[in-house]
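To start, the structure itself, in structure tokens.
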Amino acid sequence: MGELAKAYDPTPISEKHYASWLKTGVFHADESSKKPSFSIVIPPPNVTGILTLGHVLNNSIQDILCRRARMKGFEVLWLPGTDHAGLATQTKVERAIAEEDLTKEQLGREAFLERTWEWKEKHGGIIIDQLKKLGCSCDWERERFTMDNDYYDAVIEGFVTLYDRGHIYRGHRMVNWCPATQTAISDEEVIATPQKSKLYTMKYEVVEEPGTFLEIATTRPETIMGDTAIAVHPKDERYQKLIGKHCRRPFPEAKLPIVADEHIDIEFGTGVLKVTPAHDKADFEIGQRHSLPSIDVLHPDGTINCPEVPELDGLDRFKARDKAAKLLDEQGLLIKTEKYQNNVGFSERGQVPIEPRLSDQWFFKYPKTEETLGAVLDQHVQFHPERWTKVYQHWLDNIQDWCISRQIWWGHRIPVWYKDDEVKCQKTCPGDGWEQDPDALDTWFSSWLWAYETMDEATRKKFYPTSVLVTGPDIIFLWVARMIFAGLEFEPSGTSDLSKNIPFRDVYFTGLIRDNRGRKLSKSLGNSPNPLDLIGSYGADGLRFGLMRVAPQGLDIRYDEKQIEEGRNFCNKLWNASRFRTMQGPVDSKADPYAHTLSPFAHLILKQLDGMIEKVDHYYDTYQFNQVASTLYGFVWGNFCSRFLEAAKADFTDETSETRAGTLATFDFVLSHVLRVLHPFTPFITEELWLELGYGGETIQFAHWPERLDTQWSDELAQRAHDIFEVLDQSRSLRGEFQIAINQKIRFCLKSNSKLEEGEKSILQNLMNAEPLEFINEPLTKTPMLISSLGDLFLPLEGVVDIDKEVARIEKALVKIAGDIERERKKLSNTKMIENAPAEKVAEWKTLLKEAEDRQAKLKEQLEHLK
RNA sequence: GCGUGCAUAGCUCAGCGGUAGAGCUACCGGUUUACACCCGGUCGGUCGGAGGUUCGAACCCUUCUGCACGCACCA
């Protein structure tokens, strides 16, 4: 064991260990293992994506859970992989070929798919490499891709099965159409976005009553050509007599019936609605109820399709809106234009407003919705935080059929074949003359099988259902709920036992990461840090620890680079504590503190270690990772380094110390626990230190997870150490107050009634840097003093002390104590309180009062001495 | 409109019925041979407002305000 470098240098150490982990195959899960199993499937990132801070958070948590499980003796499978991300990837490739002035239509389906595969091969590995840099302990031998041959087949087979069971149908329905990417999308992919738009009020003449006009409010005058009726509420007295008559549509000119429909809101606008069945979901339904024709006036790309009105034909829909308003105005039909804010559905991928559009699409009608809800309500699948079940329930209660067909090429092609009027749904082409449906499936229609189609039979037998899913709440419908559906519907366990078919037992929802001003991280705002840069600057361990420490359970995270810096600093602290240890000679990996005589400080740290382990386990069990990190931070920095290590220095410099061996053993024992408990959060540095210090084995990864300690420490001695530290703190306060540098030796006097051992006295004196530390029986006069549980500590400074200042300080302290005393007295003089409060509480208050009064008396006495 | 979450020190968060806490920041002082990616100290809060329950409320209930988010509507 050589001496460690002066600072932790994460990059080379991380690279070294990760390479070694891959070589020794420690991440590989053995499906024939006898150990109990623990498994996680990664939420597959987009194959061409790059790592974001969100991924870092998400995958750090998964890695933490997996690494801890390995140490706890589980056979762990963390199954990694990527998602083909149909639309996202196709869009990227289309953009790339556009550089060569090519469109996918020019290339043709086959050639375009070839290009996409090439693109995938070229860019597909990036995010995987990045996950490795983060330290993720995935079983890379089992890496999967949603377009792998067998996975592809499974998706297609799933479609055929559901079709055969009658859950999938083709329908001519109103769907969310994205004009930018020119495909249908599902309701879940539509993002309602507040828009500043305009509300136009126009007037149409009633055909049967010339000179009478109906005022109609609309935000979309560009769809006037598609209007096939005017609707009012049947109970609206203003318009009742007009029902059944007609209005004149200005362009192209036509007679539109005035119909009555309950859907109309009497209060809104003028209470009159223009009905455009082809371009609005509600209007479509009104059209159905009144047998109105649908006139589609838009091309798929969002331009106007209406040769009868040449002024508008071919225009983009938003340009046409202005133009249509202008046309109305020219005809004297536009009454007013108001500013108006409404929510417009945007296509997540295309970043443009979606267009409700009638088209032929494939739909999935969810079966087993009751069971899917029950699985969560009955806690077969448990959500953390639990409140997300309510969101899940609300979605299921209002569930709509899922539009699963996409007008794209990159994806799983719908296994439906057409010949003349015949339709067949099957995996392979039925024969000559049959043509396959051109559409591909929604990406989520493949990822919903991810929890088990990624596993072969033996793996599935061992590791399915998975233990926990870690993901963001933003995909609770898109992915989480649908995975539960898939599990229940396809029954991957081969039995109908619900508890064996659910995809996971726990779901941990992470928060979203925001910047320090509370905004979402986004490329366009430029507030999205590159995790690789952070790893470069602070190390993967620092990034992981820093982020985990500030990520509260189920709440959004305010990210600040400062926090990552703190993570890095923490790692360095641990490094240096270990470095300090290496300077004292070799580490005993089997150190048993209780085989030696222990100082009070050893007793204290052992007691604190036990408390730390208890807290950490509790916080793990309740998925409070930030609390785990905070607990570790506080223990390592506060208890271990600032207290125990500092006190240990006295033992280490004194060759004759009787407790030296015990302190060394305690050091080794505690550090071994710290490294193990910390390993899931900071895998690289703990591995390095574990090996470098010689704690044994080839890796820390299978070292036993620490259990609670035998309570062999002495509470009395631990308390003694605690008291000694209190005196130390008081001495530092006195130094601070009188500006006496810590490195300046100075005389302190302690009027103590406790009997300290000689060794303890000298350690205290050392820690205080006192020269000498005198034990006295009578209080000193005209001397600053602070009270501690070990006695009264005086700082004799003849002639130096500013008496007035000291008097002011004591008076301030007296005010505070007076407050404390008053509060306790008030409680104790309240008979109702005494009667109702538990006896031990009352006793506690009495003690508090007594202590406060003692302190008060002492301070008053001291005040007298000063004057 | 329905629903959810949040509001505690300048910042990030603990505490969730019985003396208001931590880390960071700020300020002051320190290179004491593990660490300046450091050490020590100090300052800093009527726990968003108002009611209520209770012997006792940051904590439970009601309500209001503000900020996020989800769903629905959106002519």
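Note on naming: letters A, B, ... go to the chains in the order of the sequence lines (proteins, then strands), and numbering restarts at 1 for each one.
At the heavy-atom level, A:C641 lies under 4.0 Å from base atoms of the strands shown. Using a 4.0 Å heavy-atom criterion, one finds that A:K6 contacts the sugar-phosphate atoms exclusively. Counting non-hydrogen atoms under 4.0 angstrom, A:D820 reaches nothing in the nucleic acid. Among the protein residues, A:A217 comes within range of the sugar-phosphate backbone only, with heavy atoms under 4.0 Å from sugar or phosphate atoms but none that close to a base. Among the atoms of the strands shown, none is found under 4.0 Å from any heavy atom of A:Y538. Residue contacts shown for A:E835 are absent, as no nucleic acid heavy atom lies under 4.0 Å away. At a threshold of 4.0 angstrom between heavy atoms, the contacts of A:V272 include nucleobase atoms, whether or not backbone atoms are also involved. Looking at heavy-atom distances under 4.0 Å, A:E565 makes no contact with the nucleic acid at all. A:L199 comes within 4.0 angstrom of the backbone, heavy atoms only, and of no base. Residue A:Y340 is classed as a sugar-phosphate contact, given heavy-atom separations below 4.0 Å to backbone atoms only. Nucleic acid contact for A:R549: sugar-phosphate only, since backbone atoms but no base atoms lie under 4.0 Å from a heavy atom of the residue. When heavy atoms are screened at a 4.0 angstrom cut-off, A:D265 is found touching base atoms of the nucleic acid.
Using modelled atom types and a 3.5 Å distance limit, the side chains of A:Q624 and A:T622 yield a donor-acceptor pair. Judged by distance alone, the side chains of A:Q730 and A:S788 never bring a donor and an acceptor atom under 3.5 Å apart. A donor-acceptor contact closer than 3.5 angstrom is absent between the side chains of A:Q765 and A:S762. Side-chain contact of A:H290 with A:D261: a donor-acceptor pair under 3.5 Å is present, judged by distance alone. Of the N and O atoms on the side chains of A:D541 and A:T682, not one donor lies less than 3.5 Å from an acceptor on the other residue. Judged purely by distance below 3.5 Å, without hydrogens or angles, the side chains of A:T276 and A:K274 pair a donor atom with an acceptor atom. For the residue pair A:Y538/A:E561, the side-chain donor-acceptor check at 3.5 Å is satisfied. Side-chain atoms of A:Y366 and A:R482 form a donor-acceptor pair, as typed in the model, at a separation below 3.5 Å.
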Please evaluate residues A:K841 and A:E844 with respect to the criterion salt bridge (charged side-chain N to carboxylate O under 4.0 Å, His left out), reporting the C-alpha separation (whole Å), side-chain torsions for both, the decisive distance (0.1 Å), and the verdict.
CA-CA 5 Å; A:K841 272 295 155 203; A:E844 206 178 300; 3.2 Å; yes

I would like to know whether A:I746 and A:M768 meet side chain to side chain contact (heavy atoms under 4.5 Å, CB included); could you show each step before the answer?
CA-CA 9 Å; A:I746 192 161; A:M768 289 167 72; over 6 Å; no

Test side chain to side chain contact (heavy atoms under 4.5 Å, CB included) on A:D560 and A:Q563; report intermediate values, then the result.
CA-CA 6 Å; A:D560 194 305; A:Q563 297 153 344; 4.0 Å; yes

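The base of B:rC35 has none of its N or O atoms less than 3.5 Å from a complementary donor or acceptor on the side chain of A:R579. Looking at A:E646, its side chain comes within 3.5 Å of the base of B:rA34 through a donor and an acceptor atom.
Nucleotides B:rC13 and B:rU25 have their C1' atoms positioned 14 Å apart, rounded to a whole Å. One C1' atom belongs to B:rG52, the other to B:rG44, and the distance between them is 32 Å to the nearest Å. Across B:rC60 and B:rA14, the matching P atoms stand 14 Å from one another, rounded to whole Å. Between B:rC71 and B:rG21, the two C1' atoms lie 38 Å apart (nearest whole Å). The separation of B:rC59 from B:rG51, taken at their P atoms, amounts to 14 Å, rounded to a whole angstrom. Across the C1' atoms, B:rU4 and B:rG41 are found 44 Å apart, a figure rounded to whole Å.
Rounded to an integer number of Å, the gap from A:N639 CG to B:rG23 P is 11 Å. When rounded to the nearest whole Å, the span between CG of A:L547 and P of B:rC13 equals 12 Å. B:rG40 atom C1' lies 15 Å from atom CZ of A:F725, rounded to whole Å. When rounded to the nearest whole Å, the span between CZ of A:R581 and P of B:rU33 equals 20 Å. Straight-line distance from the CZ atom of A:R568 to the C1' atom of B:rC35: 12 Å, rounded to whole Å. Atoms CG (A:N626) and C1' (B:rG23) sit 12 Å apart, rounded to a whole Å. In this structure, CZ of A:F570 is placed 12 Å from C1' of B:rG23, rounded to the nearest angstrom. Put simply, CH2 on A:W395 is 14 Å from C1' on B:rG70, counting in whole angstrom units.
Of the listed nucleotides (B:rA34, B:rC73, B:rA14), B:rC73 has the atom at the smallest distance from the side chain of A:N343. In the set B:rU12, B:rC71, B:rC37, B:rU12 carries the atom at the smallest distance from any side-chain atom of A:R558. Between B:rG18, B:rG41, B:rC35, one nucleotide has an atom nearer to the side chain of A:K841 than all others, and that is B:rG18. Among the nucleotides B:rG70, B:rU12, B:rA34, the one closest to any side-chain atom of A:N576 is B:rA34. Listed nucleotides: B:rA68, B:rA75, B:rC71. Nearest to the side chain of A:R514: B:rA68. When distances run from any side-chain atom of A:K562 to the nucleotides B:rA75, B:rU25, B:rG40, the shortest one goes to B:rU25.
Using a 4.0 Å cut-off between charged side-chain N and carboxylate O, A:K649 and A:E646 make a salt bridge.
The partner of B:rU4, taking Watson-Crick or G-U wobble pairs whose two distances both stay under 3.5 Å, is B:rA68. B:rA34 makes up no base pair with any nucleotide shown, lacking Watson-Crick or G-U wobble contacts both under 3.5 Å. Under the Watson-Crick or G-U wobble criterion, with both distances below 3.5 Å, B:rA9 is left unpaired in every strand shown. For B:rU19, there is no paired base (Watson-Crick or G-U wobble, both distances below 3.5 Å). Both distances falling under 3.5 Å, in either a Watson-Crick or a G-U wobble arrangement, occur for no nucleotide opposite B:rC43. B:rC60: Watson-Crick or G-U partner is B:rG52, with both key distances under 3.5 Å.
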Can you give me the N/O atom pairs linking the protein to nucleotides 43-48 of chain B at distances under 3.5 Å, or say none if there are none?
none

Which protein N or O atoms sit under 3.5 Å from an N or O of nucleotides 3-5 of chain B?
from: B:rU4; atom 1: OP1; to: A:K390; atom 2: NZ; distance (Å): 3.1

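Note that A:R823 lies outside the cation-pi zone of A:W845, set by a 6.0 Å cut-off to the ring centre and a 45° limit from the axis. With A:F681 as the aromatic partner, A:R544 does not meet the cation-pi criteria of under 6.0 angstrom to the ring centre and within 45 degrees of the ring axis.
RNA chain B is contacted by both A:T270 and A:D187; A:D187 maps to the nucleotide lying nearer its 5′ end (nearest heavy atom per residue).
Using bins of under 30°, 30° to 60° and over 60° for the plane-to-plane angle, the ring pair A:F477/A:W395 lands in the parallel bin.
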Would you give a per-nucleotide map of nucleotides 55-62 of chain B, 5' to 3', where B means the base has a protein non-hydrogen atom under 4.0 Å away, S means only the sugar-phosphate does, and - means neither?
BS------

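The distance between the ring centers of A:F383 and A:Y392 falls below 6.0 angstrom.
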